[in-house]
**Student:** 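A single structure is presented below for examination.
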Amino acid sequence: MNWTDLKDIEQKIVEKRYSDSEAFNYFLGTAILYTLGCFLFLEDYVHSYKLAVIPALIITVVGSVYSYRTYTSNEGSDFFRDYFALSWVVGWRIFFYGFLFIFLSIIAASILTTSISFEPFDLPETNLFKVIFQIIMGQWYYILLYRSFKRVSLGKPYKSVSYTHL
């Protein structure tokens, strides 16, 4: 893996001496840097909450490696083309369900406290909730992505449940 020599990597790409495995290593390195950047340098993660980087890194590395291995072991071709398409759709689905969960949590908290107040969601004590929520969403993302890669590589795309026979 090339760390700093841009000329060398550009030459490899132009000469088609750049393997999928090598490309995956660069992708994984980028994903690790992104995860470190999100969890170590954002203000939400102060003091002990910075430890959230450990499960986030594990989820990122294991999820990416399992997705890649499953895809390539089942004769999948062009991992990164498929990755970006699957990642986009899975990401939007998780965003929608995460937003729905937060919205329903706000409504439930408002009903339980008998007043509509968003103050509980601004307190420093909610950092733990935010960290746990992001870890769970990250884990869910990689599970769904892995399952999609497995179906695609086996040539068995997602089939929605049909209720016409009921």
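Sequential numbering from 1 along the given sequence is applied to the chain's residues. Heavy atoms only: backbone and side chains are in, while hydrogens, waters and symmetry mates are out.
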**Student:** Do I54 and L36 belong together in a cluster built from hydrophobic side chains that touch within less than 4.5 Å?
**Tutor:** yes

**Student:** When you measure from the side chain of T70 to the backbone of S67, do you find a donor-acceptor pair of N or O atoms at a distance under 3.5 Å?
**Tutor:** no

**Student:** I'd like to know whether Y141 forms a side chain to side chain contact (heavy atoms under 4.5 Å, CB included) with I59, so could you lay out the CA-CA distance, the side-chain angles of the two residues, the decisive distance to 0.1 Å, and finally the verdict.
**Tutor:** CA-CA 10 Å; Y141 166 81; I59 291 168; over 6 Å; no

**Student:** Do we see a donor-acceptor contact under 3.5 Å between the side chains of T60 and Y34?
**Tutor:** no

**Student:** Rounded to the nearest 0.5 Å, what separation is found between the CD atom of E22 and the CZ atom of R17?
**Tutor:** 9.0 Å

**Student:** Taking the side chain as C-beta and beyond, is there a heavy-atom pair between F95 and W92 under 4.5 Å?
**Tutor:** yes

**Student:** With hydrophobic residues grouped by side-chain heavy-atom distances under 4.5 Å, do F96 and L86 end up in a single group?
**Tutor:** yes

**Student:** Quick one: sort the Y146 and Y66 rings into parallel, tilted or perpendicular, breaks at 30° and 60°.
**Tutor:** perpendicular

**Student:** What is the distance from atom CD1 of I32 to atom CG of L28, rounded to the nearest 0.5 Å?
**Tutor:** 4.0 Å

**Student:** With a 4.5 Å cut-off on side-chain heavy atoms, are T72 and D20 touching?
**Tutor:** no

**Student:** Shortest non-hydrogen contact from T35 to V53?
**Tutor:** O-CG2, 4.5 Å

**Student:** Report yes or no: do I143 and L154 belong to one cluster of Ile/Leu/Val/Met/Phe/Trp/Tyr joined by side chain heavy-atom distances under 4.5 Å?
**Tutor:** no

**Student:** Out of curiosity, R69 CZ to S64 OG, how far, rounded to the nearest 0.5 Å?
**Tutor:** 11.5 Å

**Student:** Is V89 reachable from F99 through a run of I, L, V, M, F, W or Y residues, each pair having side-chain heavy atoms under 4.5 Å apart?
**Tutor:** no

**Student:** For the CD1 atom of I94 and the CD1 atom of I136, what is their distance to the nearest 0.5 Å?
**Tutor:** 12.0 Å

**Student:** Aromatic rings F27 and F24: how do their planes relate, parallel, tilted or perpendicular, breaks at 30° and 60°?
**Tutor:** tilted

**Student:** Are any non-hydrogen side-chain atoms of L145 and Y83 less than 4.5 angstrom apart?
**Tutor:** yes

**Student:** What distance do S148 atom OG and Y71 atom OH have between them, rounded to the nearest 0.5 Å?
**Tutor:** 11.5 Å

**Student:** Please verify the inter-ring angle class for F79 with F149; under 30° counts as parallel, over 60° as perpendicular, anything in between as tilted.
**Tutor:** parallel

**Student:** Should we count CZ of R151 as having more than 12 external heavy atoms under 6.0 Å?
**Tutor:** yes

**Student:** Are the ring centres of F101 and F133 closer than 6.0 Å?
**Tutor:** yes

**Student:** With side chain to side chain contact (heavy atoms under 4.5 Å, CB included) as the test, would you mind laying out the steps for V90 and Y142 before giving the verdict?
**Tutor:** CA-CA 9 Å; V90 167; Y142 279 106; over 6 Å; no

